[in-house]
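Each remark here refers to the structure printed beneath this line.
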Amino acid sequence: MERIRKNVLAQLDMTREHEEEELLAVIDEEICRQAKERVIPFNWRRELRMQVFHSLRKLDVLQELLGEDDITEIMVNGAEHIFYERQGEIFAWDKSFSSRERLEDIIQQMVGSHNRVINEAEPIADTRLADGSRVNVVLPPIALEGPVVSIRKFPKRPILMEQMIAGGSISRECAEFLQTLVKAGYNIFISGGTGSGKTTFLNALSEFIPKTERVITIEDSAELQIQGIRNLVRMETRSVRTDGRLAITIRDLIRTALRMRPDRIIVGEIRGAECLDMLQAMNTGHDGSLSTGHANSCQDMISRMETMVLMGMDLPMQAVRAQIAAGVDILVHLGKLRDRSRRVLTIMEIDRMEKGEILLNPLYEFVEMSEAEGKIRASWVKRGELIHKGKLYAAGIKWENDRE
């Protein structure tokens, strides 16, 4: 393939952009020429044609994996080792890059397309592909065995809440409960481990935001697929550049968003000191704001939020907890289970502070019932009633338990 690729490149006028059909015609002509010199089985020609095309115009051997809708993760460990995840299981890919230099070219193509920089001086970068897939890259000397690329793919179309109900990720009762809270403007924080589906669930929750509201999304790499909101502003951070341009952080963007008359602010993921800014936004009238964070439980998410706030400002712990208790209304915790399914595990309400501690009110809990043929059967058990209903009443929503 590399020989054909080089010959095709030699025939192209690199001073102009080539249409797809024109490029494919040159590739076909070169394959025919090579077939006269050595046998190329007819059933290999189509695959060879697309491999050369992808190497010239797209992402080389990765393009085939990117085209598979059921592949959720692609992992490149150096030029020779590629792995992918399908339905929660990891497989080795039988193809590889022709050389380390070719992999490095693809990395520069991915990173440069969104104004990011990666080199030996800055060997780590986060970016995204045109389809929204999240990309993390680590170069040598940090990566000892060669360049490492991790691609988290997202569905071409966002997964709707109805699909999550049908797939057993959440019960209809829980989904309708959260729908009511989103419409009423409750501040909701989604927690979970890596790969638990936090971004997907956040997208699904955003379905319920009233279409007339002004929504601002803030992310490190734009991944959210907010649907149906016409007054939508999307913002993305910028890392420090070698040309002297300053970094733009999530903290900077939250502060800017507050001056843009948002009804709701959605932060893709809270990782550090920006937690303080998000809580302050929630506490200053931006009801209905949403965000996600890594944690092992709702209680663990509270602890992590405390730590993240302290990264931004040295405050007494009681003041930190007061900020969290006043800002966040609902915690939703997700998990990836042993059968590779992603489920909502817990929905909790932040009740109040008492004796310096944040008290949580469990509302729904995922309970396993049985397991057959590697699949977990379960139900969501209601553990308690919503205590704070002020936002419901303010939105003109009558709670079902109040209906007589």
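Side-chain contact between I82 and M75 is absent, with no heavy atoms from C-beta onward closer than 4.5 Å. I188 has its side chain out of reach of D329: every pair of non-hydrogen atoms, C-beta onward, lies at least 4.5 Å apart. Using a 4.5 Å heavy-atom cutoff, the side chains of M301 and H333 are not in contact. Side-chain contact between P147 and R100 is present, with at least one heavy-atom pair separated by less than 4.5 Å. Considering only heavy atoms from C-beta on, R214 stays 4.5 Å or farther from I229 through its side chain. In this structure the side chain of R321 never reaches within 4.5 angstrom of the side chain of Q318, judged on heavy atoms. With a 4.5 Å cut-off on side-chain heavy atoms, R152 and E223 do not count as touching.
Ion pair R134/E73 not flagged as a salt bridge, since none of the NZ, NE, NH1 or NH2 atoms sits closer than 4.0 Å to an Asp/Glu carboxylate oxygen. E371 has a carboxylate O that lies under 4.0 Å from a charged side-chain N of R338, or vice versa, which qualifies the two as a salt bridge. A salt bridge does not link D339 to K375: none of the charged nitrogens lies less than 4.0 Å from a carboxylate oxygen. Ion pairing between R264 and E213 holds under the 4.0 Å rule for side-chain N and carboxylate O.
With rounding to the nearest 0.5 angstrom, the CD1 atom of I330 is 9.0 Å from the NE2 atom of H388. Here F208 contributes atom CZ and L290 contributes atom CG; the two are 11.5 Å apart, rounded to the nearest 0.5 Å. Between M260 atom CE and I216 atom CD1 the span is 4.5 Å, to the nearest 0.5 Å. Between atom CG of residue L202 and atom CD1 of residue I190 there is a gap of 4.5 Å, rounded to the nearest 0.5 Å. Within the model, atoms CZ of R383 and OG1 of T346 stand 10.0 Å from one another, a figure rounded to the nearest 0.5 Å. Rounding to the nearest 0.5 angstrom, the gap separating the CD atom in E274 from the CZ atom in R255 is 10.5 Å.
The minimum heavy-atom distance linking I142 with P123 is given by the pair CG1-CG, 3.4 Å. Scanning both residues, S291 and V267, for their nearest heavy atoms gives OG-O, 2.9 Å. Between T127 and M110 the shortest heavy-atom distance is OG1-O, 3.7 Å.
Between the side chain of K198 and the backbone N or O of G193, at least one donor-acceptor pair lies under 3.5 Å. Side chain of E354 to main chain of L359: no donor-acceptor pair is present (N/O by atom type, distance under 3.5 Å, no hydrogens or angles). At least one donor-acceptor pair under 3.5 Å links the side chain of T292 to the backbone N or O of G268. In terms of modelled atom types and a separation under 3.5 Å, the side chain of K183 and the main chain of A395 share no donor-acceptor contact. A donor-acceptor pair under 3.5 Å is absent between the side-chain atoms of Q323 and the main chain of L279, judged by distance alone. Side chain of W380 to backbone of V344: a donor-acceptor contact under 3.5 angstrom is found. In this structure a side-chain-to-backbone donor-acceptor pair under 3.5 Å is missing from T256 to L253. Judged by distance alone, with hydrogens and angles left aside, the side-chain atoms of N361 form no donor-acceptor pair with the main-chain N or O of G384 at under 3.5 Å. Not one N or O on the side chain of E236 forms a donor-acceptor pair closer than 3.5 Å with the backbone of R234. N187 places a side-chain N or O within donor-acceptor distance of the main-chain N or O of G327, the cut-off being under 3.5 Å.
For CD of E80, the number of neighbouring non-hydrogen atoms (other residues, nucleotides, ligands) closer than 6.0 Å is 12 at most. Around the CD atom of E89, the shell of radius 6.0 Å holds more than 12 heavy atoms that belong to other residues, nucleotides or ligands. Within a 6.0 Å sphere centred on CG of D314, other residues, nucleotides and ligands contribute 12 heavy atoms or fewer. No more than 12 heavy atoms of other residues, nucleotides or ligands sit less than 6.0 Å from atom CD of E120. Counting heavy atoms of neighbouring residues, nucleotides and ligands inside a 6.0 Å radius, atom CD of Q163 exceeds 12 of them.
Counted by atom type alone, T237 and D220 present one or more donor-acceptor pairs between their side chains at under 3.5 Å. Side-chain contact of R251 with T249: a donor-acceptor pair under 3.5 Å is absent, judged by distance alone. Using modelled atom types, one finds no donor on one side chain facing an acceptor on the other under 3.5 Å when comparing R342 with S169.
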Task: Verdict with supporting geometry, D263 and R261, salt bridge (Lys or Arg N to Asp or Glu O under 4.0 Å) - done: CA-CA 7 Å; D263 288 309; R261 202 266 176 220; 2.8 Å; yes

TODO: May I have the step-by-step check of side-chain contact (heavy atoms from CB on, under 4.5 Å) for H286 and L258, ending in yes or no?
DONE: CA-CA 9 Å; H286 300 91; L258 294 176; 3.3 Å; yes

Task: Residue pair E173, Y364: steps toward the side-chain hydrogen bond (donor to acceptor under 3.5 Å, both in side chains) verdict - done: CA-CA 10 Å; E173 180 181 350; Y364 288 93; 2.9 Å; yes

- [ ] Apply salt bridge (Lys or Arg N to Asp or Glu O under 4.0 Å) to the pair E85 and K336, showing each step before the final yes or no.
- [x] CA-CA 14 Å; E85 181 186 58; K336 185 176 180 182; 3.1 Å; yes

